[in-house]
Amino acid sequence: MTIFENKKLERDTFRKLRDGISLNQRENVEKNVRLYIDSFVKGYKNIGYIAIYWPLKNEVDIRSLKKKFTLALPRCKDKKELLFYPWDEKPLTKDSEGILSPNNSFSLSHKEISMIFVPCLSVDKNLIRLGYGGGYFDKLRRDKNWRNVPCIGVLTSNCVSTIPLTRAEWDIPLSGFITEKEIFV
């Protein structure tokens with residue numbers, strides 16, 4: 001089987017697992033994300049933007065962080081380019097993938113973002129992330145400056161793979177992950 005066929009099987013498996021999670025589990029993941037950020041912020045006087053994602057079906061929703069923190073959202077561009085923009089009060093529009101995102105005139109640099117939270121279909125203990133296969137986050141993190149920004153996966157514990165996930169040469173490990181049961185960062 002090819003890498004692509006293996007990843008498709010893994011995506012199907014973990015999508016089904018994720019679709020079965022309860023609202024309570026998702027809320028508890030969100031609480032752990034908030035705990036992690038609170039502890040991170042205590043160590044720094046000046047924290048930049050926290051980059052999050054606009055949740056798709058059954059992904060953990062961490063948008064409530066906006067009440068307390070300065071957030072950035074990604075915007076997918078052509079050629080698999082991912083840029084982060086401040087999430088301000090302007091209306092969001094759909095990006096090239098149909099996901100709501102800011103459409104501001106300026107994007108943020110790696111220096112302005114303190115951490116990135118990414119949704120995961122799965123992650124393994126080697127911190128290899130299984131996403132939807134678009135490659136946006138891996139392409140962004142090929143740049144060493146972006147790779148130095150902590151990138152943390154967000155998912156429920158039932159989607160943490162107990163065996164290594166299929167890894168392609170372009171897959172870049174995360175900095176850690178957060179579930180309702182653990183903060184592995």
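- In summary, K31 and E27 do not engage in a salt bridge, as defined by a charged side-chain N under 4.0 Å from a carboxylate O.
- Note that CD of E180 is 3.5 Å distant from OG of S157, once rounded to the nearest 0.5 Å.
- For K66, the salt bridge (Lys or Arg N to Asp or Glu O under 4.0 Å) partners are E89, not counting sequence neighbours.
- In this structure, N32 and I183 approach most closely via the heavy-atom pair O-CD1, 3.6 Å.
- Tested against Y136 for a side-chain hydrogen bond (donor to acceptor under 3.5 Å, both in side chains), the candidates E81, K77, E97 yield a single pass: E97.
- Heavy-atom minimum distance, D171 versus A168: OD2-N, 2.8 Å.
- In this structure N104 satisfies the side chain to side chain contact (heavy atoms under 4.5 Å, CB included) test together with Y85, P86, D88, K90, P102, sequence neighbours excluded.
- A pairwise comparison of heavy atoms in V29 and L155 identifies CG2-O, 3.5 Å as the closest pair.
- Residue L23 shares its hydrophobic cluster (ILVMFWY side chains chained together at separations under 4.5 Å) with no other residue.
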Pairs of donor and acceptor atoms involving the side chains of residues 49-57, under 3.5 Å and at least two apart or interchain, shall be tabulated with distances.
from: Y53; atom 1: OH; to: V60; atom 2: O; distance (Å): 2.6

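- Panel note: side chain S114, backbone I47; no donor-acceptor pair is recorded below 3.5 Å.
- The list of salt bridge (charged side-chain N to carboxylate O under 4.0 Å, His left out) pairs with a residue in residues 112-125, not counting sequence neighbours, reads K125-E182.
- Screening L174, I113, I172, L127 for a side chain to side chain contact (heavy atoms under 4.5 Å, CB included) involving C151 leaves a single residue, L174.
- Taking the six-membered ring for Trp, F84 and W146 have ring centres closer than 6.0 Å.
- Rounding to the nearest 0.5 Å gives a distance of 10.5 Å between OG1 of T13 and CG of L165.
- Listed by chain and residue number, R15, I21, N58, E59, L121, Y132, C159 satisfy the side chain to side chain contact (heavy atoms under 4.5 Å, CB included) test with R18 (two or more places apart in sequence, or in another chain).
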**Message:** Under the criterion side-chain contact (heavy atoms from CB on, under 4.5 Å), I'd like the reasoning laid out for R34 against L65: C-alpha separation, chi angles, the key distance, then a yes or no.
**Reply:** CA-CA 7 Å; R34 204 173 300 114; L65 295 171; 4.2 Å; yes
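- Residues in residues 140-162 take part in no salt bridge (charged side-chain N to carboxylate O under 4.0 Å, His left out) pair, two or more places apart or across chains.
- Residues forming a salt bridge (Lys or Arg N to Asp or Glu O under 4.0 Å) with K94 (at least two apart in sequence, or on another chain): none.
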**Asked** Does the side-chain contact (heavy atoms from CB on, under 4.5 Å) test come out yes or no for V185 and F177, once each step is laid out?
**Response** CA-CA 6 Å; V185 181; F177 63 86; over 6 Å; no
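- L9 shares a hydrophobic cluster with M1; the chain of contacts runs through ILVMFWY side chains whose heavy atoms sit under 4.5 Å apart.
- When atom types are taken as modelled, the side chain of D95 and the backbone of S101 share no donor-acceptor pair closer than 3.5 angstrom.
- Residues forming a side chain to side chain contact (heavy atoms under 4.5 Å, CB included) with T162 (at least two apart in sequence, or on another chain): none.
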**Asked** Can you list the steps and then say if Y36 with I152 is a side-chain contact (heavy atoms from CB on, under 4.5 Å)?
**Response** CA-CA 11 Å; Y36 175 74; I152 302 158; 3.4 Å; yes
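- Considering CH2 of W87 and CZ of F69, their distance stands at 13.5 Å, rounded to 0.5 Å.
- For T166, the side chain to side chain contact (heavy atoms under 4.5 Å, CB included) criterion is met by I3, N6, K7, E10, not counting sequence neighbours.
- Criterion: ILVMFWY side-chain heavy atoms under 4.5 Å apart, direct or through other members. Under it, L130 and I178 are part of a common hydrophobic cluster.
- The side chain to side chain donor-acceptor pair (under 3.5 Å) test applied to D38 returns K68, not counting sequence neighbours.
- A distance of 10.0 Å separates CG of D78 from NZ of K80, quoted to the nearest 0.5 Å.
- Distance check: N103 CG to T93 OG1 gives 4.0 Å after rounding to the nearest 0.5 Å.
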**Request:** Assess whether side-chain contact (heavy atoms from CB on, under 4.5 Å) is satisfied between V154 and V33, documenting all intermediate values.
**Result:** CA-CA 8 Å; V154 178; V33 168; 4.3 Å; yes
